[in-house]
Amino acid sequence: MKLVIAEKNIAAQKIAQLLADGKPKTDKVYNTQVYRFTVQGEDWVSMGLAGHILAPDFPDEVLFDKKQGWYSVTEDGEVLPADVPDGLARPPYDTKRKPFLANGINIKGWKVESLPYLTWAPIIKKPAEKEIIRVLKNLAKKADHVIIATDFDREGELIGSDALNCVREVAPDVPTSRARYSALIKGEVTAAFDNLVSLDQDLADAGESRQYIDLIWGAVLTRYLTLARFGGFGNVRSAGRVQTPTLALVVERERERMAFVPEDYWQIRGVGAAQGKPETAFKMSHATARFTDKAAAETAFSHVDGATTGTITAVSKRSRKQQPPTPFNTTSLQAAAAAEGISPARTMRIAESLYMAGFISYPRVDNTVYPRTLDIAGIVGGLSSNSPALRPVCQKVLAGPMKPTRGKTETTDHPPIHPTGQGDPETLDGGQKKLYMLIARRFLATLMGPATIENTKLSIDVSGEPFTASGDVLVDAGFREAYPYGLKRDEQLPPLAEGDAIDVSDIKLEAKQTEPPARYSQGRLVQEMEKRGLGTKSTRASIIERLYQVRYLKNDPIEPSQLGMAIVDALHEFAPRITTPEMTSELEDDMTHVAAGADTQEHVVEHSRALLAGMLDTLIAHKDDLGEAIADAVTADAKVGTCPKCGKDLVMKTSAKTRGSFIGCMGWPECDVTYPVPSGVKVSPIEGEGAVCPECGAPRIKCQPFRQKAYEVCVNPKCPTNFEPDLVVGECRVCAEAGRHGELVAHKSERSGKRFIRCTNYDECGVSYPLPARGKLEATGEVCEHCGAPVVVVQTARGPWRICVNMDCPGKEKKPARGRGARGAAKGGSAKGGTRKSAAKPGAKKTAAKKTTK
DNA sequence: GCAAGGTC
């Protein structure tokens, strides 16, 4: 039996189909799919791995004592790896050297001293995909020939080499060979299997060098940063060859913004309209788009101030074509999806699920050129029958020439990301459908003609001053019929001719300032990483996500936190190599040499270890400075405002007793100012105007609910801007039926800030209703016609909103368009609306909201 | 409690 080992299941299946005499049979070994087939009567089996099946790691004996964590203490009080194997320590760090004594000292402060040992620690490969390895070994035992058919690239060679090492453990003598194909098509694959070669160990070693260097630098620097000032569990401060330069890009942009000196300029703008037709109003501006000289701007303005008429002096029309977009690869899909509000990491998760469900092609590709073998018409036909919304445009595409656009990158391993045309999009959830439609529409757009946009430019004379107005109209939609993403709205100008008089109004002189360079969006950052050679199509999204997770980055567009800036600054000073993309490009050079046999893995890795070791003395010497910088940055990130009592910083804190968070003063215990944290929202400080509440002097904060509009409130729940005196909204029905008198009163919890209505006889009737978190309440004195509960009015940003307070009311109307969380909350109350257990219980609301917002 | 690279 011949065993074929592919990098992934789909490749194993495809290879089986392409090589088999007839149809391959799907079989299972343990729980993994394999494909059995015959080639010229001989039995073959193919299986897919799941990428790397082994992961590099330090051996357990140098992983440091498990109980002690990342360091351990010898009997002499010496802090060392739990057991230093022979030959582990290299100059200038040898085992005889005592880094320090821990007796009588707080050991925590000394942990980084063991890092030189880690720098020289040996690295082994540990099983990462145990199930796959089990299957691999099971099949290898029965095989008389093993063929490695992983992807034809450096990582593929390494994955194949790891697989061979597993095979060798159970079948040391089985002959092995390597099939190299660069596209999963008949010609390529059969040629590869007709011309088997042997595994390129140099290429695999090059890949393994990358693994080792990434692990050593990542582990040593991450532990260093984490331990320099230990911030408690869950506060890892990571560093790495790709993530740190990526973070540095964001920090650099932020620094440019901070160093930016805005320049003043002036604009004169107004509104024009065809005479007597105010409905044709259009914007116009002075022909000098930006006056840099204030006096000149004022002079020009003095001529036109209060003008009511103007004259068209020229009309010019020019049409331009917008070319259809190129096919999607991973980066361009991530960028386009990011513009639609889906982060690169989420895009990849959704794309993976669409791929697994058969809706789209393989999502990790660099290629932007459809292969000739792709059945484009078949896919369009499939889309047409499965997606009614796309049917008309599909029919148009089918009737056209269907000449696809081409991008710059052409590889043959996978086609660009495209819909398969199969599957009913109605079965997809919201995020999946949104991404699927983007991919499907993009695909159609690449088969269509350009869009034509007609630009009209009016030159206007107003009291001797030249003005212009410009309008863009899409006259021929072309590919835009399929792909409306990022399309500007038409700006239509009224039909006017030279010499026509127009009405003019609202001419204003506006003082403006030039803007600093924009922050990166997640889509832009992915593109920038690609440009600088940082990460791969498969890793960039997750690396950005990681930077958010360790709280180096925040918001979108991306801002670095104080912590992120402190990390970059510290590493830039003491380990600059890790902060720039050059480490990656030099690593690439090294790997090229190893792959070519001009250098060895041992030499390259050792050299890298030495570079890191050379930085450690300085890093360790500056541990306290760095720890302080990190601690200060973390405090600055936690700041939500300034204490009205003592002027120190108010920060987010966690109560040691209840583990709940609250806002407290850094001046504690001298100053006892605390505030509750509004629940269910992300809190951030307000800078500049509006930072301090004019009513009570407490800071105002910005609250960002999940997927809802952010709002600003005073942090003080007792502030008149938050506090509403208890409001009687009606009479309690339950009490009335029981012959008691109970009044329904609106309350606001001082602790959580939550609002609710409760009966004055709550202990007896248990009647309580949740209320919306915000908006001034008014009693109406009315009762609901459906359920008899009181009706109140809530003043919202969108105007007054009348509601029956009973969330379980049968006549419940849909709320005016607001966030989903609020709808979820309303639903949550409905479970047992108006009874003690549900409505009043804070947990109930939260769970329900979670369910619907997921 | 570490990285980055595959893929699920």
Side-chain angles (χ1 to χ4, degrees), chain A residues 6-12 31-33 48-58 62-71 111-112 114-115 118-119 121 123 125 128-129 131-132 150-151 153-163 204 206-227 230-247 330 348-349 351-357 362-365 413-414 529 533-547 549-550 578 583-584 587-588 591 608 612:
Chain A
E7 188 156 321
K8 43 190 169 276
N9 179 50
I10 176 112
N31 261 325
T32 302
Q33 287 216 332
L49 305 176
H52 294 282
I53 54 172
L54 303 181
D57 201 354
F58 303 108
V62 287
L63 256 189
F64 309 98
D65 189 299
K66 288 270 165 61
K67 280 182 200 153
Q68 298 276 6
W70 282 353
Y71 70 103
K111 285 195 278 188
V112 297
S114 61
L115 290 178
L118 191 69
T119 310
I123 295 175
K125 290 290 198 72
E129 295 287 342
E131 264 309 301
I132 301 265
T150 47
D151 294 357
D153 53 29
R154 193 169 53 218
E155 294 296 330
E157 210 71 8
L158 172 58
I159 290 165
S161 167
D162 286 346
E208 207 172 49
S209 314
R210 188 222 27 94
Q211 285 190 321
Y212 289 179
I213 291 170
D214 281 341
L215 175 64
I216 296 161
W217 282 74
V220 168
L221 291 176
T222 298
R223 288 185 192 192
Y224 172 78
L225 293 171
T226 305
L227 301 175
F230 187 55
F233 293 106
N235 288 299
V236 170
R237 321 277 183 221
S238 64
R241 173 177 57 84
V242 178
Q243 64 167 263
T244 306
T246 303
L247 172 63
T330 304
M348 293 317 286
R349 281 192 290 271
E352 183 68 33
S353 72
L354 290 173
Y355 161 66
M356 293 309 273
Y362 189 69
R364 287 179 286 268
V365 289
D413 45 357
H414 296 285
M529 289 173 77
L534 293 171
T536 73
K537 57 190 180 294
S538 315
T539 59
R540 290 185 195 112
S542 62
I543 281 166
I544 295 174
E545 200 173 48
R546 170 83 185 148
L547 291 171
Q549 198 198 335
V550 294
I578 196 74
M583 181 164 174
T584 294
L587 180 64
E588 289 288 343
M591 287 193 292
S608 189
L612 179 60

Asks: Looking only at side-chain N and O atoms, does A/Arg210 come under 4.0 Å of OP1 or OP2 in B/dA4?
Replies: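 For B/dA4, OP1/OP2 do not have a side-chain N/O of A/Arg210 under 4.0 Å.
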
Asks: B/dA3 phosphate, OP1 or OP2: any side-chain N/O from A/Arg546 under 4.0 angstrom?
Replies: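 Checking B/dA3 against A/Arg546, a side-chain N or O does come within under 4.0 Å of OP1 or OP2.
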
Asks: Expressed in angstrom and rounded to an integer, what is the separation of A/Glu545 atom CD from B/dA4 atom C1'?
Replies: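 Result: 15 Å.
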
Asks: Which of these nucleotides, B/dT7, B/dG1, B/dA3, is closest to any side-chain atom of A/Ser238?
Replies: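 Looking only at side-chain atoms, A/Ser238 lies closest to B/dA3.
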
Asks: Take atom CG of A/Leu221 and atom P of B/dA4, then tell me their distance rounded to the nearest Å.
Replies: 11 Å

Asks: Looking only at side-chain atoms of A/Arg364, point me to the closest of B/dA3, B/dT7, B/dC2.
Replies: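 Nearest nucleotide to the side chain: B/dT7.
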
Asks: Starting at CE of A/Met348 and ending at P of B/dA4, how long is that distance when rounded to a whole Å?
Replies: 17 Å

Asks: Whole angstroms only, please: what is the CD1-P distance between A/Ile159 and B/dC8?
Replies: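 My rounded result for the distance is 11 Å.
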
Asks: So, is A/Tyr362 near the phosphate of B/dT7, with a side-chain N or O under 4.0 Å from OP1 or OP2?
Replies: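 For B/dT7, OP1/OP2 do have a side-chain N/O of A/Tyr362 under 4.0 Å.
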
Asks: Please give me the minimum heavy-atom distance between A/Ile213 and A/Ser608, naming the atom from each residue.
Replies: CG2-OG, 3.4 Å

Asks: Tell me the interatomic distance from A/Lys8, atom NZ, to B/dG6, atom P, rounded to whole angstroms.
Replies: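 That distance rounds to 10 Å.
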
Asks: Any idea which of B/dG5, B/dC8, B/dC2 is nearest the A/Ala50 side chain?
Replies: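 Nearest to the side-chain atoms of A/Ala50, counting from C-beta on, is B/dC8.
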
Asks: Mind checking if A/Gly51 touches a base, just sugar-phosphate, or nothing, with heavy atoms under 4.0 Å?
Replies: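 The answer is base, as A/Gly51 lies within the cut-off (heavy atoms under 4.0 Å) of a base atom.
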
Asks: So, taking the atom named CG in A/Leu547 and the one named CD in A/Gln549, what distance separates them when rounded to the nearest 0.5 Å?
Replies: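 The CD atom of A/Gln549 is 10.0 Å from CG of A/Leu547, to the nearest 0.5 Å.
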
Asks: Toward the 5' end of DNA chain B, which comes first, A/Ile10 or A/Val242, by nearest nucleotide?
Replies: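 Per heavy-atom nearest nucleotide, the more 5' residue is A/Val242.
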
Asks: I'd like to check the ring pair (Phe, Tyr, Trp, His ring centres under 6.0 Å) partners of A/Tyr362; sequence neighbours left out, ordered by chain and number.
Replies: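 Applying ring pair (Phe, Tyr, Trp, His ring centres under 6.0 Å) to A/Tyr362 gives A/Tyr355, A/His414.
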
Asks: Nearest heavy-atom pair of A/Gln243 and A/Ser238: which atoms, and what distance?
Replies: OE1-OG, 2.6 Å

Asks: Considering non-hydrogen atoms only, spot the tightest contact between A/Thr244 and A/Ile578 and give its length.
Replies: CB-O, 3.4 Å

Asks: Can a donor-acceptor pair be found, under 3.5 Å and without considering hydrogens, that links the side chain of A/Thr150 to the backbone of A/Ala6?
Replies: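 No, A/Thr150 side chain to A/Ala6 backbone: no donor-acceptor pair under 3.5 Å.
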
Asks: Taking OP1 and OP2 of B/dG5, is either one under 4.0 Å from a side-chain nitrogen or oxygen of A/Arg241?
Replies: yes

Asks: Hey, does the side chain of A/Gln243 come within less than 4.0 Å of B/dA4's phosphate (OP1/OP2), counting only N and O?
Replies: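 So the side-chain polar atoms of A/Gln243 do come within 4.0 Å of the phosphate oxygens OP1 or OP2 of B/dA4, strictly under.
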
Asks: Considering only side-chain heavy atoms of A/Thr222, which listed nucleotide, B/dG6, B/dC2, B/dA4, is closest?
Replies: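 Among B/dG6, B/dC2, B/dA4, the one nearest the side chain of A/Thr222 is B/dC2.
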
Asks: Measuring from the side chain of A/Glu7 (C-beta onward, heavy atoms only), which nucleotide among B/dG5, B/dC2, B/dT7 has the closest atom?
Replies: B/dT7

Asks: Between B/dC2 atom P and A/Phe230 atom CZ, what is the distance in whole Å?
Replies: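 It works out to 11 Å between those atoms.
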
Asks: To the nearest 0.5 Å, tell me how far A/Ile544 CD1 sits from A/Met529 CE.
Replies: 5.0 Å

Asks: Can you find an N or O donor on one side and an acceptor on the other, under 3.5 Å apart, linking the side chain of A/Glu129 with the base of B/dC8?
Replies: yes

Asks: Give a yes or no on whether a donor-acceptor pair under 3.5 Å exists between the nucleobase atoms of B/dC2, that is its base, and the side chain of A/Asp57.
Replies: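 Pair found.
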
Asks: Could you check whether A/Ala55 gets within reach of a base, just the sugar-phosphate, or nothing at all, counting any heavy atom under 4.0 Å?
Replies: nothing

Asks: Does any residue of residues 533-541 of chain A have a heavy atom under 4.0 Å from DNA chain B, and if so, which ones, in number order?
Replies: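 Contacts with DNA chain B under 4.0 Å: A/Gly535, A/Thr536, A/Ser538, A/Thr539.
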
Asks: Measure CG/A/Leu225 against C1'/B/dG1 and give the value in whole Å, please.
Replies: 14 Å

Asks: For the residue pair A/Leu534 and A/Arg241, what are the closest heavy atoms and their distance?
Replies: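 Scanning both residues, the minimum pair turns out to be CD2-O, 4.4 Å.
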
Asks: For A/Asp151 and B/dG5, give me the distance from atom CG to atom P, rounded to whole Å.
Replies: 15 Å

